[in-house]
Amino acid sequence: KILSLIISAVLWLTIVNYTNPEVSVTVKTNIDVRNVEELSKSNTVFPLDENTVSITYKVRSGNRAKITPADFSAYVDLSDYTITGAVPVYVDVKDDAAEMVSEVSHEPLVVHVNAEAIVRRRFKISGVVDGSAAEGCVIGEMRHEPEAVYISGTKSELARISNVSFHVDVNNAKEDIHGSENIVVSDADGKNLNANVKLEPYDKVDYTLKIYKTKTLTVKTSTEGHTREGYVVDSIETSPTFVSVYGDDSILKEIQYIT
């Protein structure tokens, strides 16, 4: 009778392994940071050199679709911090998923915490014009407020900053443009860094961009004084004979030629 039970068990395991085999799966999830207060210092942050962990586990193929990355929780505990900066990575499995998975492992096992000082610097803001004014108009000067902004972040992040700017779309404008735009912080390659830094006291600028009308004027010449006896002025040639000027419309209406 015992032999029959053993044979039955072996047959059952064989059938299960054949029809519902165990498979190995790897997922990735973010690493949370716990007990930050353990290392709380003024003007200091503690970023990790790795922010994600790969988790490998075994699961029956019939249950594979029931397991998601959300069933795993990866974290480091800053109470484990030592002078080397190395802290172990822990992985917890939710109770429901734990009943279906086995041989759970993860990589990396250890990450490093890099303490960095928070610094604050003042940066000038530049306005960038996109597009062109309408025909018969030119783009004039731009005024914006504020003209500069304070940016806070880690020393390494602030060292990456190459441009602090905002963009204005002219789009064939015929008159002055007024508006408000977000301040964009970017590196030398144009990568946006706003998510990594803090702008103070504002993250937007109010601006006015002047659009001037143009007018083509004839160049007129006149003479002063007298020629020598026996000579007269026959003609005067100028180059160019016309010039294009721009300015406020009310002023241009009063100008008919240029001398």
Side-chain angles (χ1 to χ4, degrees), residues 42-43 45 47 116-225 233 235-259:
S42 60
N43 296 323
V45 293
E116 281 198 76
I118 296 292
V119 294
R120 187 171 182 260
R121 284 176 50 198
R122 184 177 184 269
F123 289 84
K124 288 192 66 175
I125 305 169
S126 60
V128 180
V129 175
D130 298 324
S132 304
E135 186 175 355
C137 300
V138 296
I139 298 170
E141 66 276 9
M142 184 189 301
R143 296 185 179 90
H144 57 84
E145 183 64 35
E147 296 183 346
V149 65
Y150 283 96
I151 300 179
S152 300
T154 62
K155 188 175 181 180
S156 59
E157 281 296 337
L158 262 62
R160 296 176 58 193
I161 296 176
S162 178
N163 296 292
V164 179
S165 60
F166 65 96
H167 287 251
V168 178
D169 186 4
V170 176
N171 195 25
N172 293 318
K174 296 180 179 178
E175 55 189 22
D176 296 349
I177 304 173
H178 311 273
S180 178
E181 288 292 339
N182 292 322
I183 300 171
V184 178
V185 182
S186 57
D187 64 14
D189 296 323
K191 183 179 179 181
N192 191 307
L193 302 177
N194 282 58
N196 304 331
V197 297
K198 181 181 179 181
L199 280 65
E200 299 173 306
Y202 310 106
D203 58 4
K204 290 189 174 214
V205 293
D206 296 320
Y207 68 87
T208 296
L209 178 63
K210 295 290 292 184
I211 303 294
Y212 292 112
K213 298 284 178 61
T214 62
K215 186 174 183 178
T216 302
L217 300 175
T218 302
V219 178
K220 287 191 174 183
T221 58
S222 60
T223 61
E224 294 182 358
V233 176
S235 63
I236 299 175
E237 294 183 359
T238 61
S239 179
T241 55
F242 299 94
V243 294
S244 182
V245 298
Y246 69 86
D248 290 329
D249 195 37
S250 59
I251 297 176
L252 290 182
K253 287 179 180 179
E254 302 296 322
I255 303 174
Q256 302 304 320
Y257 59 86
I258 191 170
T259 59

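Within a 6.0 Å radius of CD in E175, other residues, nucleotides and ligands contribute 12 heavy atoms or fewer.
Annotation: the span from N172 atom CG to K174 atom NZ amounts to 8.5 Å, rounded to 0.5 Å. Distance check, rounded to the nearest 0.5 Å: CZ of F123 to CG of N163 gives 10.5 Å.
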Side chain to side chain contact (heavy atoms under 4.5 Å, CB included) between E157 and E116: does it pass, once the steps are laid out? CA-CA 10 Å; E157 281 296 337; E116 281 198 76; over 6 Å; no
Start with the C-alpha gap between V128 and H167, add the side-chain angles, then the distance that decides, and say whether side chain to side chain contact (heavy atoms under 4.5 Å, CB included) holds. CA-CA 5 Å; V128 180; H167 287 251; 3.6 Å; yes
Worked check of side chain to side chain contact (heavy atoms under 4.5 Å, CB included) between T154 and V119: CA-CA 6 Å; T154 62; V119 294; over 6 Å; no
Donor-acceptor pairs under 3.5 angstrom involving side-chain atoms of residues 184-199: please list them, not counting sequence neighbours.
{"residue": "D187", "atom": "OD1", "partner": "D189", "partner atom": "N", "Å": "2.9"}
{"residue": "D187", "atom": "OD1", "partner": "G190", "partner atom": "N", "Å": "3.0"}
{"residue": "D187", "atom": "OD1", "partner": "K191", "partner atom": "N", "Å": "2.8"}
{"residue": "D187", "atom": "OD2", "partner": "R160", "partner atom": "NH2", "Å": "3.4"}
{"residue": "N192", "atom": "OD1", "partner": "N194", "partner atom": "N", "Å": "2.7"}
{"residue": "N194", "atom": "OD1", "partner": "V185", "partner atom": "N", "Å": "2.8"}
{"residue": "N194", "atom": "ND2", "partner": "I183", "partner atom": "O", "Å": "3.0"}

Atom pairs and distances, donor-acceptor, side-chain atoms in residues 132-147, under 3.5 Å, two or more places apart:
{"residue": "E141", "atom": "OE1", "partner": "Y212", "partner atom": "OH", "Å": "3.2"}
{"residue": "E141", "atom": "OE2", "partner": "Y212", "partner atom": "OH", "Å": "2.9"}
{"residue": "H144", "atom": "ND1", "partner": "P146", "partner atom": "O", "Å": "3.0"}
{"residue": "H144", "atom": "NE2", "partner": "I125", "partner atom": "O", "Å": "3.3"}

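Contact check for I151 versus R121: no side-chain heavy atoms found under the 4.5 Å cut-off.
Summarising the geometry of F166 relative to N182, their closest heavy-atom pair is CB-O, 3.5 Å, with the distance given to 0.1 Å.
In terms of modelled atom types and a separation under 3.5 Å, the side chain of D176 and the main chain of I211 share a donor-acceptor contact.
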